[in-house]
Amino acid sequence: RVQVVESGGGSVQPGGSLRLSCAASGYTSNNYDMAWFRQAPGKKREGVASIDSAGITRIADSVKGRFTISKDNAKNTLYLQMNSLKPEDTAMYYCATGNVWPSMNPLSDDQYNTWGQGTQVTVSS
């Protein structure tokens, strides 16, 4: 059974850093596309970063230059390095995996069919 489990969330002051991890099991992650999404209370779920099976990444404009997505295929683990965190980055962060159709937006949540339970990130002074 395909599963993804997030970890690494927490509370941090503005300007701080966190690294989220997403451990995949039940399949080989390098054959699938993976992404990070986030959802703040009262807001729509937003695509943050994606990486496809070829290692090509896409980063949302709202976090470009601050967040980096990477994957360790040997460990079947996806990462999100978040630097220069801002209060508006506060949200539940979710890992997702699936196969994105060609020419479709890899930051659209309808492209993914397996989701984790999420990990909370809070940025506050």
Less than 4.5 Å apart, any side-chain heavy atom of [X] and any of [Y]?
X      : Y      : result
Gln111 : Pro106 : no
Thr114 : Val4   : yes
Glu46  : Gln39  : no
Thr97  : Asp33  : no
Asn105 : Arg58  : yes
Asp72  : Tyr79  : yes
Val12  : Thr122 : no
Asp52  : Tyr32  : no

What distance separates [X] [atom1] from [Y] [atom2], expressed to the nearest 0.5 Å?
X      : Y      : atom1 : atom2 : result
Phe37  : Ser108 : CZ    : OG    : 6.5 Å
Leu107 : Arg45  : CG    : CZ    : 12.5 Å
Met34  : Ser53  : CE    : OG    : 12.0 Å
Ile56  : Ser50  : CD1   : OG    : 10.0 Å
Ser21  : Leu78  : OG    : CG    : 8.5 Å
Leu20  : Glu6   : CG    : CD    : 8.5 Å

May I have the step-by-step check of side chain to side chain contact (heavy atoms under 4.5 Å, CB included) for Met82 and Val121, ending in yes or no? CA-CA 10 Å; Met82 306 186 295; Val121 171; 3.8 Å; yes
Using 4.0 Å as the upper bound for N to carboxylate O, is an ion pair formed by Arg38 and Asp89?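 Here Asp89 pairs with Arg38 in a salt bridge, since their nearest N and O are under 4.0 Å apart.
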Should Tyr112 and Met104 be counted in the same cluster of Ile, Leu, Val, Met, Phe, Trp and Tyr side chains packed under 4.5 Å apart?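 Result: yes, single cluster for both.
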In terms of hydrophobic clusters joined by side-chain contacts under 4.5 Å, are Val63 and Leu85 together?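 Val63 and Leu85: one cluster.
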Tell me the closest heavy-atom pair linking Asn73 and Lys71, and the distance in Å.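 Distance-wise, the nearest heavy atoms are OD1-CE, 3.2 Å.
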Would Asp61 and Lys64 satisfy salt bridge (Lys or Arg N to Asp or Glu O under 4.0 Å), going step by step from the backbone distance to the final call? CA-CA 5 Å; Asp61 288 343; Lys64 200 166 285 183; 3.1 Å; yes
Is the closest side-chain donor-acceptor distance between Ser70 and Gln81 under 3.5 Å?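 No, no side-chain donor-acceptor contact under 3.5 Å.
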Which is it for Ile59 and Ile69 under the side chain to side chain contact (heavy atoms under 4.5 Å, CB included) test, yes or no, and what are the steps along the way? CA-CA 8 Å; Ile59 308 292; Ile69 188 170; 3.9 Å; yes
Do Cys95 and Trp36 pass the side chain to side chain contact (heavy atoms under 4.5 Å, CB included) test, and can you show the C-alpha distance, the side-chain angles, and the key distance before you say yes or no? CA-CA 5 Å; Cys95 170; Trp36 288 99; 4.0 Å; yes
Hey, what's the ring geometry for Phe67 with Tyr93, parallel, tilted or perpendicular (30° and 60° as the breaks)?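 Judged by the thresholds at 30° and 60°, the geometry between Phe67 and Tyr93 is tilted.
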Aromatic rings Tyr94 and Trp115: how do their planes relate, parallel, tilted or perpendicular, breaks at 30° and 60°?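 Answer is perpendicular, since the angle exceeds 60°.
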So for atom CD, which belongs to Gln117, do other residues, nucleotides or ligands contribute more than 12 heavy atoms lying within a distance under 6.0 Å?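 No, the 6.0 Å shell around CD holds no more than 12 heavy atoms from other groups.
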